[in-house]
Amino acid sequence: MQYKLETRPPAQVDSGLLVLGIFQDQSITDAIKAYQADFPPAFLEKITQAIQEETFKGSPDQILILPTYGELPSRKLVFAGLGKSADYSIQQARKLAANTARRFSVNAKTEKICLFLPSKTGERDFVQAIVEGAILGSYTFNKYRSGKDDKKQSSLTEIAIAGTKLSAGDFEKACERGEAIAESVNFARQLIAEPANHLTPSRLAEEARTKGQELGLVVEILEQPQIEKLGMGSFLGVAKGAKELPRLIVMRYKHDEAKKTIGLVGKGITFDSGGLSLKPANSMEHMKYDMSGAACVIASALALARLKPKVNVLVVVGATENMPGGQALHPGDVVTAMNGKTIEVNNTDAEGRLVLADALCYAMQEGADEIVDVATLTGACVTALGRVAAGIMGNSQELIDKLIARGAEAGEKFWQLPMYDEYKDSLKSDIADLKNAGSRGEAGTSSAAMFLKEFVDSRPWAHMDVAGPSWLDKDKDECNKGGTAFSVRTLCYHVLNSQ
Ligand code: BES
Ligand code: ZN
Ligand code: ZN
């Protein structure tokens, strides 16, 4: 994809699609003037008529598509509603770029799009967000469609951005960031889209290795005997029920001038059947997406390897299936985690926390100064926040606040849930240090976080429960239906902001 800083006025731009963003509380004539759109008078008359006939008001998501009939060098003119000017932020710009790319380049076959949008705040962030939106909106996954006609593919080759006062160098930097982040999000989406019979733990590890090494990351894949040596009884307990062997995926990005190491830990359950505490069929249907956290931390490392921030990044992923095989954990079994704590597994479907327990210990051992874990951990979080926002918890309010703020910039919502000491009571076991599942229907997301807390020390740690927003049933702005790779943008913004 080419990115172009457009400095010509709209009437001179020769694009497939010329998009003008219009505020609800702005007259179209004023908007056209503001964009210095010196349209030929006869054409101006035609569009004014169309605007009236179609009652285009500039409300959010409203669009009006007009053919230009050779009166402009561009083939089509689109007025895109931006809502009220007071509400305008780079989020609207990202969404508009995504919806435009999906509608005109995936569903129709437009190659070049030129966007005229008001850029009120942070010019670099604004360009970056548009590039992100255009790439995210272009995402498709055709691998398993055999019919040629069924394959949707974006035809976008160029995105031109007008209305920015950035220098060519700054523009290029902003595009580079947007591109590295959004392409990584799309890579994570592909991994999530892969069905569990194709994307096994070992295949996930190979993907991380190939892509990571291409970008100069140090990638280490630990197999069962090494995992055993590390004393990861909790992780291995989950893996026992599956025929596919587990992998511990470790990726390292290092910078000479780095002052700290940020640990990113991901839940990599390539399929969650529930184990012997088997899930009902309709809850199991999409459980290939239970490795979303893993896909997101791996993809973030890839984006960061391209952007080279002055901070070290350590990625740790525990990858396994959760299956009810003959060797599977029985409810009531006791396992011992890497830090020596014993866990009574009263519910084998609460497997994510068992895997994360050891992965968190490992990230601590390997010198992470701060840890963020990402996991599709609890159905309770989907109930609480729907598909709109992820839950966030942890032991450092400062880190949580930072992540919520970066999420708001990146267009990903995080909502903090409490970690009251009382929630720990539900994890008391009669025979072990703790059990893995609290009382059904009672603060499931918070009690899961209380469980994880047992495996981190006093270093800043935040836990993202992304069970809800990681999967959508229909396209929504910059998120596609299916696996969304929610958190990659926030993690990247956070690391880039920590250098
Ligand atoms: N992977 C699931 C959580 C999940 C549920 C993710 C729905 C996405 C959508 C997790 O492993 C799980 O099964 N959690 C249990 C925990 C319970 C047994 C304490 C749950 O949420 O029911
Ligand atoms: Zn489960
Ligand atoms: Zn799970």
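Atoms within each ligand, like the ligands themselves, are counted from 1 in listed order.
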Item to check | Where at least one partner belongs to residues 477-499, residue pairs that pass ring-ring contact (aromatic ring centres under 6.0 Å, His included), sequence neighbours excluded | outcome: Phe414-Phe486
Next on the checklist: Checking Asn322 against Asp272: is there a side-chain donor and acceptor pair closer than 3.5 Å?
Outcome noted: yes
Next on the checklist: Is it the case that atom CD in Gln327 sees more than 12 heavy atoms from other parts of the structure closer than 6.0 Å?
Outcome noted: no
Checklist outcome for this item: d(Tyr139 OH, Asn186 CG) to nearest 0.5 Å is 7.0 Å
Item to check | Asn99 and Asp477: side chain donor to acceptor below 3.5 Å | outcome: yes
Item to check | In the protein, N/O/S atoms that are found under 2.8 Å from the Zn ion (ligand 3), waters not counted | outcome: Lys267 NZ, Asp272 OD2, Asp290 OD2, Glu351 OE2
Checklist entry - Ile343 versus Lys435: any side-chain heavy-atom pair under 4.5 Å? => result no
Next on the checklist: With no hydrogens and no angle check, just 3.5 Å: does a side-chain donor-acceptor pair link Glu132 and Gln128?
Outcome noted: yes
Checklist entry - Can Glu321 and Lys243 be said to form a salt bridge (charged side-chain N to carboxylate O under 4.0 Å, His left out), step by step? => result CA-CA 9 Å; Glu321 294 184 329; Lys243 205 169 161 214; over 6 Å; no
Next on the checklist: Show me, by chain and number, every protein residue that has a heavy-atom distance under 4.0 Å to ligand 1.
Outcome noted: Lys267, Asp272, Lys279, Met287, Tyr289, Asp290, Asn347, Asp349, Glu351, Arg353, Thr376, Leu377, Thr378, Gly379, Ala437, Arg440, Ala467
Please tabulate, for side-chain N and O atoms in residues 377-392, each donor-acceptor pair with protein atoms closer than 3.5 Å (sequence neighbours left out).
unit_1 : atom_1 : unit_2 : atom_2 : d
Thr378 : OG1    : Cys381 : N      : 3.2
Thr378 : OG1    : Thr445 : OG1    : 2.9
Thr378 : OG1    : Asp465 : OD2    : 2.7
Thr383 : OG1    : Gly379 : O      : 3.2
Arg387 : NH1    : Tyr289 : OH     : 3.2
Arg387 : NH1    : Ala467 : O      : 3.3
Arg387 : NH1    : Gly468 : O      : 2.8
Arg387 : NH1    : Trp471 : O      : 3.4

